[in-house]
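Report on the following structure.
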Amino acid sequence: MRWTQTFIPTLKEPPAEAEIVSHQLLLRAGLVRKLTSGLYTFLPLGLRSLRKIEQIVREEMDRAGAIEVLMPALQPTDIWQQSGRYVTAREVLYKVHDRADKEWLLGPTHEEVITALVASEISSYRQFPKNFYQIQTKFRDEIRPRFGLMRAREFIMKDAYSFDTSDEAAEISYKKMYDAYTRIFRRCGLHAFPVEADTGVIGGTLSHEFMVPAETGENEVVCTASGSYAANIEKAISRGPIVPTPAKDTGPEPEPFPTPGVVTIDALSSQPYNVPAHCQIKALVYVVESNPVIVLLRGDDQLNEAKLAVALGTNVFRPATPDEIHDLMGARPGSLGAVKSTLSTKAANVPVHADIALRNAAGMTTGANRDGYHLRHVNIERDIHVHHWQDLRVVKAGEVSVTDGQPLEIWRAIEVGHVFKLGTKYSEKLGAVFIEESGARRPCIMGCYGIGVTRTLQAVIEQSHDKDGIIWPLSVAPFEVCITPLNATQGSPTMVVAESLYRTLAGRGVEVIIDDRDERPGVKFKDADLVGFPMRVNVGEKSLARDEVELKPRAGKLSTVKVVDAADQVMAWIQSEANKYL
RNA sequence: CGGAGCGUAGCUCAGCCUGGCUAGAGCGCCAGCUUUGGGAGCUGGAUGUCGCAGGUUCAAAUCCUGUCGCUCCGACCA
């Protein structure tokens, strides 16, 4: 490819709209342009890298035995009604109407479509296992698109769906995808690692997200240094708080004491009260499908809403409003508690969910359900009627792993993939049943597996760049080699050598671009570094006088080679570089 | 949807608080000359409904109201 014959609109300065470095570089290197929030045009170089990632994904899915299909992005509503997601996923659904005013959906994901296909086409146990995948544009009405391709309204996803006849077989399918994902991200030059993920209200036990560590990531991951434990913070557990919960009874019964104006954990732990946060019981009121529940946590702990969703069996809940709280508890937030003797008649029957870190807690302080008062000498087993003991807290750095007692760290990360064992949720609702050997009919066991292809592209940039620009891994670079003639005058010795090398490399199958622009060397160097081609070959009069050209790997040191050896040297370099991503 | 910020040239921004000449700079773009190993120099040139709509005023980029868009923080997710 010739630079002058493609379209690479680089920018000197980062556009104001881009906050994070990968987003800035996507724009500055001329890979994408924004149409409007969450919608991007892929320009030639961005598209080339995107296609390379897609191809890696395709090869590894094929290797794992998955079968490529292509499903419609436009979908009828009835299958979504059947699965129930017309309602539960309504927030992310883009709906369109045809001229007869019939409603259609732009697919945010394809469980319904693939399950309908399997329901109508596959009926015998002999036809399993099957795993279908596609690489396709998805549409989601994101609450807040952001960071360029990281969270877009329209994005390219690889989605795969496995169908099996038993749990054991489904686990094998799951493992194959898990292994394929590990290979895919490695081949993309990404350091991605799997973590246990929340399965949400769907339940089930098997779910992993593939995470790329990045300060700008939207997720938090809890892990040990050795990797012996790794989980999304929504799911993460530990052996409990570093400072144990007091368990010594300090009084015969709860004792109220005045705390005028004290409505925070901090205030109660300061002068003149000096009640350490871990000796307090925090009471929260939530409204679950219009019914109140009380949630108890240690004062120094935060509620993990994902865990609460699992505990409640629904994700339809919200914090109660101050008015609702006052109406129920007779006190305002900051003075709440669940001690039996302080609960109003109305509150007495409200379910109490307590975090397990509060087990056997004694000598605790909590709100008295009376503004300006707290209670001390609270013994939770004696004084509070706990209906449900559950793990509800957010794990903190420094606590130790349940697997091997190693200290836990917390990292931010980008989720690039998610593998999920679905069970029979969709197969039951959409009638994907098969006939087993005995003649009985049973629903298929499903799994679903997603990779955010466009997000992966940006994650590569986020993880691999320096002050000058992108540092593409060879495997996903838009071009492997950039030839930079320092004088682009047609027929000049420099250009003759550059053109010759260009033709030789292209003829040997190297993805090469020649910067044939009539620009000064500095401009070309800056642009090549910004775009991040893995190898740059400088052809200039100085070195040409010695019959040499320069090889400059984007991430390595400059060297010189004889003109006649240049092509071989470049080939050798590419070969050794390519081996790093296998 | 709640909170915060920003909309002035293709890009980055100044001007706005305290209204007043022809709306500016750098980069980019066009022409010419010079230059040619890390975003060159000089000269000349083109480019703006100051996001949009109302209002206040003798006068609005500037003040007020509304509206649209973009960005960031939270809930959602590949």
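Only this structure's heavy atoms are used, side chains among them; waters, hydrogens and symmetry mates stay out. Lettering of chains follows the sequences in order, A, B, ..., and the numbering in each one begins at 1.
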Roughly how many Å apart are [M] and [N], using the [atom1] atom of each and rounding to a whole number?
N	M	atom1	value
C33(B)	C17(B)	P	47 Å
G15(B)	U65(B)	C1'	24 Å
C29(B)	C70(B)	P	29 Å
U43(B)	C21(B)	P	28 Å
A31(B)	A46(B)	P	15 Å
C64(B)	G45(B)	P	38 Å
A59(B)	G66(B)	C1'	23 Å
C68(B)	U12(B)	P	24 Å

Nearest to the [X] side chain among [options], which nucleotide is it?
X	options	result
Glu19(A)	C72(B), G39(B), G37(B)	C72(B)
Met157(A)	C13(B), G37(B), A78(B)	A78(B)
Ser543(A)	U36(B), G37(B), G39(B)	G37(B)
Pro521(A)	G37(B), U12(B), C77(B)	G37(B)
Tyr40(A)	G37(B), U71(B), U12(B)	U71(B)
Asp529(A)	G38(B), C70(B), U12(B)	G38(B)
Glu550(A)	C77(B), A75(B), G37(B)	G37(B)

Q. Sequence neighbours excluded, which residues qualify as side-chain contact (heavy atoms from CB on, under 4.5 Å) partners of Ala567(A)?
A.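 Result, side-chain contact (heavy atoms from CB on, under 4.5 Å) vs Ala567(A): Leu501(A), Thr504(A), Leu505(A), Arg508(A).
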
Any salt bridge between [X] and [Y], counting N to O under 4.0 Å?
X	Y	answer
Arg151(A)	Glu142(A)	yes
Glu519(A)	Lys526(A)	no
Lys175(A)	Asp179(A)	yes

Assign [X] to base, sugar-phosphate, or nothing according to its heavy-atom contacts below 4.0 angstrom with the strands shown.
X	value
Arg33(A)	nothing
Phe147(A)	sugar-phosphate
Asn219(A)	base
Glu17(A)	sugar-phosphate
Gly417(A)	sugar-phosphate
Val523(A)	base
Ile451(A)	nothing
Arg536(A)	base

Q | Pro14(A) vs Gly452(A), nearer the 5' end of RNA chain B by closest nucleotide | A |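 Its nearest nucleotide being more 5', the pick is Pro14(A).
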
Q.
Nearest heavy atom decides the nucleotide; on that basis, is Leu544(A) or Arg455(A) closer to the 5' end of RNA chain B?
A.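 Looking at the nearest nucleotide for each, Leu544(A) comes out on the 5' side.
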
Q. Lys307(A): what forms a salt bridge (Lys or Arg N to Asp or Glu O under 4.0 Å) with it, not counting sequence neighbours?
A.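 Lys307(A) satisfies salt bridge (Lys or Arg N to Asp or Glu O under 4.0 Å) with Asp391(A) only.
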
Which base sits across from [N] as a Watson-Crick or G-U pair, both distances under 3.5 Å?
N	answer
G24(B)	C13(B)
U35(B)	none
G44(B)	C30(B)
G69(B)	C6(B)
G19(B)	none
C50(B)	none
U57(B)	none

Q) Any chance the rings of Phe210(A) and Phe193(A) have centres within less than 6.0 Å? A)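 Centroid distance Phe210(A)-Phe193(A): not below 6.0 Å, so no.
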
Q) Ring centres of His208(A) and Tyr178(A) under 6.0 Å apart? A) yes

[atom1] of [X] versus [atom2] of [N]: gap in Å, rounded?
X	N	atom1	atom2	answer
Leu308(A)	C76(B)	CG	C1'	17 Å
Asp518(A)	G32(B)	CG	P	13 Å
Gln302(A)	A75(B)	CD	P	12 Å
Met177(A)	A78(B)	CE	C1'	16 Å
Tyr94(A)	C77(B)	OH	C1'	13 Å
Leu27(A)	C70(B)	CG	P	15 Å
Leu93(A)	C76(B)	CG	P	17 Å
Leu530(A)	G38(B)	CG	C1'	13 Å

For [N], does OP1 or OP2 lie under 4.0 Å from any side-chain N or O of [X]?
X	N	result
Arg151(A)	C77(B)	no
Thr36(A)	C70(B)	yes
Ser37(A)	U71(B)	yes
Arg146(A)	C77(B)	no
Arg144(A)	C73(B)	yes

Q: Please determine if Arg186(A) forms a cation-pi arrangement with Tyr581(A), meaning its NZ or CZ atom is less than 6.0 Å from the six-membered ring centre and no more than 45° off the ring axis.
A: no

Q) Within 45° of the six-membered ring axis of Tyr181(A) and under 6.0 Å from that ring's centre, is NZ or CZ of Lys176(A) located there? A)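 Here Lys176(A) fails the 6.0 Å and 45° test against Tyr181(A).
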
Q: Classify the ring geometry between Tyr286(A) and Phe317(A) as parallel (under 30°), tilted (30 to 60°) or perpendicular (over 60°).
A: perpendicular

(Q) Parallel, tilted or perpendicular, judged at 30° and 60°: which one describes the rings of His418(A) and Phe420(A)? (A)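 Rings of His418(A) and Phe420(A): tilted, 30 to 60°.
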
(Q) For A78(B), is there a stacking contact with Phe155(A), counting only centres under 5.5 Å and planes under 30°? (A) yes

What are the atom names and distances for every N/O pair under 3.5 Å that joins the protein to nucleotides 26-30 of chain B?
unit_1, atom_1, unit_2, atom_2, d
G26(B), N2, Glu13(A), OE1, 3.4
C27(B), O3', Lys12(A), NZ, 3.4

Q) Just one of Leu149(A), Ile470(A), Leu43(A) clears the side chain to side chain contact (heavy atoms under 4.5 Å, CB included) bar with Leu31(A), so which one? A)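 For Leu31(A), the side chain to side chain contact (heavy atoms under 4.5 Å, CB included) check succeeds only for Ile470(A).
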
